[in-house]
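Notes to accompany the following structure.
Ligands are counted one by one from 1 in listed order, and the atoms in each one are counted from 1 as well.
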Amino acid sequence: MNQPLSESARKVQAALQALGLPCQVVELPASTRTAPEAAQAVGCQVGQIVKSLVFRTQTSRRAVLVLVSGSNRVNEDRLAEVVGEAVVKAEADFVREQSGFAVGGVPPVGHHRPLPTYIDQDLLQYAEVWAAAGTPHAVFKLNPRELPRITGGEVIKVN
Ligand code: 5CA
């Protein structure tokens, strides 16, 4: 566990540092690719895992990032109302192109271009949550109250 971080995880660690968040990215031997796997790997509730889901607006093809509690599903009609346009779940190559990270490791910060972000209000009930840090084995723990500040995101009801 004291191995140097992979390049993608280092990018996220650097972004957190630049945002003034003293969080330590950890790379685990176990998979953290999905919310249940991540919860198992770190020993928390699935709801405490931050899923960083990329959506694409249907006509203008813009990326929208939604940070979702691991136990919730996004209601796309509700999201469309907030965004002002129909949205679809992004394809894997669009996710990588827009965020700079592959599905399964998309972090809430550190993307190679800024992504408009929405935050699931249910994440705020927890004292701490875990988010992906660039790879399907890398995560970091934070107070969910930091999420609006570090992402510039708006807290919404997603489901
Ligand atoms: N590392 C974990 C949590 S810390 C993680 O990244 N979870 S996640 O939920 O944010 O990312 C997995 C999500 O990627 C899935 O919920 C799904 O929405 C999306 N996904 C999985 N496969 C694909 C695919 N082929 N194309 C686009 N999105 C996908």
Under 4.0 Å to a heavy atom of [X] - the qualifying atoms of ligand 1, by number:
| X | result |
| --- | --- |
| Val103 | 14 (O), 19 (C), 20 (N), 21 (C), 22 (N), 23 (C), 27 (C), 28 (N), 29 (C) |
| Ala92 | 26 (N), 27 (C) |
| Arg33 | 1 (N), 2 (C), 5 (C), 6 (O), 7 (N), 12 (C) |

### Query
Does ligand 1 have an atom under 4.0 Å from some heavy atom of Glu37?
no
### Message
Heavy-atom contact check, 4.0 Å cutoff: does Ala90 meet ligand 1?
### Response
yes
### Message
I'd like to know if the side chain of Glu37 pairs up with that of Thr32 as donor and acceptor (distance under 3.5 Å, no hydrogens or angles considered).
### Response
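No - no donor-acceptor pair under 3.5 Å links their side chains.
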### Task
Determine whether the side chains of Asn159 and Asn75 contain a donor N or O and an acceptor N or O closer than 3.5 Å.
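Asn75 and Asn159 do not have a side-chain donor-acceptor pair below 3.5 Å.
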Is it the side chain, the backbone, both or neither of [X] that has a heavy atom closer than 4.0 Å to ligand 1?
| X | value |
| --- | --- |
| Val95 | neither |
| Pro136 | neither |
| Ala132 | both |
| Ile49 | side chain |

### Query
Closest non-hydrogen protein atom to atom 18 (O) of ligand 1, residue and atom name please, with distance?
Lys89 NZ, 2.6 Å
### Message
Can you report which non-hydrogen protein atom sits closest to atom 10 (O) of ligand 1, along with the distance?
### Response
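Sorting protein heavy atoms by distance from atom 10 (O) of ligand 1 puts Ser52 N, 3.1 Å first.
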### Task
Answer whether the closest heavy-atom distance between the side chains of Ser99 and Leu65 falls below 4.5 Å.
no
### Task
State, yes or no, whether a side-chain contact exists between Arg149 and Leu21 at a heavy-atom distance under 4.5 Å.
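Arg149 vs Leu21: side chains touch.
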### Task
Apply the test side-chain hydrogen bond (donor to acceptor under 3.5 Å, both in side chains) to residues Arg33 and Ser31: give CA-CA distance (whole Å), side-chain angles for both, the deciding distance (0.1 Å), then the verdict.
CA-CA 5 Å; Arg33 181 179 300 275; Ser31 170; 4.6 Å; no
### Query
Sub-3.5 Å donor-acceptor pair from the side chain of Lys51 to the main-chain atoms of Ala131, do we have one?
no
### Message
Closer than 3.5 angstrom, by distance alone: can the side chain of Gln48 be matched with the main-chain N or O of Trp130 as a donor-acceptor pair?
### Response
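Checking the backbone N and O of Trp130 against the side chain of Gln48, no donor-acceptor pair under 3.5 Å is found.
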### Query
So is Thr32 polar-close to ligand 1, meaning N/O to N/O under 3.5 Å?
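Indeed, backbone or side chain, Thr32 has an N or O that close.
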### Task
Could you tell me whether some N/O pair between Thr34 and ligand 1 is separated by less than 3.5 angstrom?
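In fact, backbone or side chain, Thr34 has no N or O that close.
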### Query
Is the NZ or CZ atom of Lys157 positioned over Tyr118's six-membered ring, under 6.0 angstrom from the centre and within 45° of the axis?
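Judged by the rule (NZ or CZ under 6.0 Å from the ring centre, within 45° of its axis), Lys157 is not positioned above Tyr118.
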### Enclosure of Gln40 CD (heavy-atom neighbours >12, cutoff 6.0 Å)
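Incorrect, the count does not exceed 12.
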### Query
Should one rank Leu53, Val50, Val66, Val46 by closest heavy-atom distance to atom 15 (C) of ligand 1, which comes out on top?
Leu53
